[in-house]
Amino acid sequence: MTDRHDLPAGFRWGVSTAAYQIEGAADEDGRGRSVWDAFCERPGAVKNGDSGRTACDHYHRWREDVELMRELGLDGYRFSIAWPRVQPTGRGPANTAGLDFYDRLVDGLLAAGITPLPTLFHWDLPQALEDTGGWLRRDTAHRFAEYAALAADRLGDRVPAWITLNEPFVHLVYGYALGIHAPGRALLLDALPAAHHQLLAHGLAAAELRARGLDVLIANNLTPVRPASDAPADRAAAAAYDALHNRLFTDPLLLGRYPDLSAYGVGPDLHGAVRDGDLALISAPALAGLGVNYYNPTRIAAPAGPGLPFAEAPIDGVPRTHFDWPVVPEGLHELLLTLRERYGAALPPVTVTENGCSTDDTLDDTFRTDYLAAHLDALARATADGIDVRGYYTWSLLDNFEWAEGYSQRFGLVHVDFATQRRTPKASFAWYRDLIAAHRAASAAPRPAGGR
Ligand code: IFM
């Protein structure tokens, strides 16, 4: 039976983090204010009134964190660059002191034999840009390309591949449609221009990165969508949800068009946001890879009344994480096969840029080990089925600031005591380290006939 030990030779092992969730140092070295700084100050917006002002203090403790990564034997580290450190107001010349931090980090990673994989936008928009309309405004896409060029000019000599955006779907829905993440706007379907402007930002930044000889990826949050039954109404609802969650941010990149959003009463210009030439720009240059962030499938039924054209249905009979998310490893295999069926030759190589689970506050996190093992087994089955998967970055290295949930959800291989900043590797840390070492040794050794 195919399992994680059968992942291809050269498969890249990593961990993922994001700036606002770990860095802290909110006022240092000229960093500007981000939408998350503002959102965390709103009473009741974040559980327990938590914020990322200190988080894991990674800004000062990054050497210790790189040492942990070296111990894991990682090939790659996916982190995000805080736009407000590079351009405190989202425009204008680079803040050198802010870029210096990432310069030191990149050098530290390379010295540890780890390839840096930066994400340019993981939700921490400079507040000054939000004040002029944020992602609802087309100009923000141009500002993003300018920022991407500044970051690439400083780090591109050592960083070969870049992720433009993290989970634009989640940012759109939580940040602009429902208001449960920063910037806290609850515009429902009127938020849709923020989808197009994020994709336009990707396209414009991709051109800057490619002009500097760099590879470009995007990290999309994707979910296999399962209809609650075979009834036509449930199937139609599932298709509508799939269009919003999966296709909205992948079809334009790989097919050069938006999916059919008529179930939402929305036309192909997304409330007038799409202009001539935009889709050509978004889809023109081939992506070096598609980043897939997978956590769980979604079960969808027809809605009971007016409003959105779908209703979420429970997934019963499976384990659940501390966050109460259903654990369905097979969903990762299913998702990758669906992507191939949908995009065919247009599907670039895939990297799993996030996958992981929150557990309770314990060092003996067998739940996480089982979760990771089962998802990697599913990934190996996808590679055996011919999907080109290049690597796996687990979320996350450290327990960290989990957005509206504050510090109540712990996703780390390493426990963080937020009062002392003490890092303690959990059982899953040793497990991941040993898996990476075993895979590397087996990949280097000649394969016995009929075996691994
Ligand atoms: O913590 C987040 C991350 O920032 C984006 N993807 C999902 C993770 C877990 O919720």
Side-chain angles (χ1 to χ4, degrees), residues 14-24 34-37 39-40 45-47 50-52 55-56 58 65 77-83 117-125 163-176 178 180-183 198 217-224 245-246 249-250 290-298 320-329 331-332 335 351-360 365 367-368 371-372 375 392-416 418 428:
V15 295
S16 274
T17 65
Y20 191 76
Q21 295 181 269
I22 64 165
E23 284 180 1
S34 85
V35 291
W36 271 96
D37 295 303
F39 189 69
C40 290
V46 175
K47 202 176 225 170
D50 291 343
S51 84
C56 307
H58 170 77
D65 296 337
Y77 173 45
R78 173 178 176 239
F79 59 99
S80 80
I81 297 178
W83 186 349
L117 177 59
T119 301
L120 283 161
F121 182 69
H122 199 124
W123 307 346
D124 46 357
L125 192 76
I163 295 174
T164 53
L165 309 176
N166 177 70
E167 298 183 352
F169 167 78
V170 176
H171 192 51
L172 168 78
V173 171
Y174 281 35
Y176 284 85
L178 301 177
I180 50 185
H181 276 187
Q198 287 187 82
L217 297 89
I218 188 168
N220 276 348
N221 180 296
L222 298 173
T223 179
H245 193 135
N246 295 316
F249 289 98
T250 313
L290 178 67
V292 170
N293 294 1
Y294 171 73
Y295 288 92
N296 50 256
T298 310
R320 307 189 82 84
T321 73
H322 191 244
F323 222 142
D324 204 29
W325 295 353
V327 178
V328 187
L332 180 54
L335 172 66
T351 294
V352 175
T353 36
E354 281 184 31
N355 174 244
C357 61
S358 60
T359 55
D360 56 11
D365 58 344
F367 188 94
R368 173 168 294 102
Y371 179 102
L372 298 179
H375 284 78
Y392 176 88
Y393 290 69
T394 193
W395 185 271
S396 184
L397 175 69
L398 305 169
D399 291 340
N400 59 49
F401 175 74
E402 177 55 30
W403 308 115
E405 292 296 309
Y407 295 96
S408 69
Q409 299 296 336
R410 292 177 173 268
F411 278 86
L413 300 177
V414 176
H415 179 272
V416 177
F418 293 104
S428 59

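We use all heavy atoms of the structure for the numbers below, so side chains are in, but hydrogens, waters and symmetry mates are not. Atoms within a ligand are numbered from 1 in the order they appear, just like the ligands themselves. Counting from 1, the numbers follow the sequence of the chain as shown.
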_For a quick check: using heavy atoms under 4.0 Å, what are the residues in contact with ligand 1, sorted by chain and number?_
Gln21, His122, Trp123, Asn166, Glu167, Tyr295, Trp325, Glu354, Trp395, Glu402, Trp403, Phe411
_Taking side chain to side chain contact (heavy atoms under 4.5 Å, CB included) as the definition, give me every residue that meets it alongside Ala55, ordered by chain and number, with sequence neighbours left out._
Tyr407
*Give a yes or no on whether Tyr174 atom OH has more than 12 heavy-atom contacts from other residues, nucleotides or ligands under 6.0 Å away.*
no
*asked:* Using the ring pair (Phe, Tyr, Trp, His ring centres under 6.0 Å) criterion, which residues pair with Tyr294? Sequence neighbours excluded.
replied: His375
_List the residues meeting ring pair (Phe, Tyr, Trp, His ring centres under 6.0 Å) with Phe79, not counting sequence neighbours, and say none if there are none._
Tyr77
_Closest non-hydrogen atom pair between Asn166 and Trp123, with its separation_ = O-NE1, 3.0 Å
*Val416 backbone acceptor or donor facing Arg410 side chain under 3.5 Å*: yes
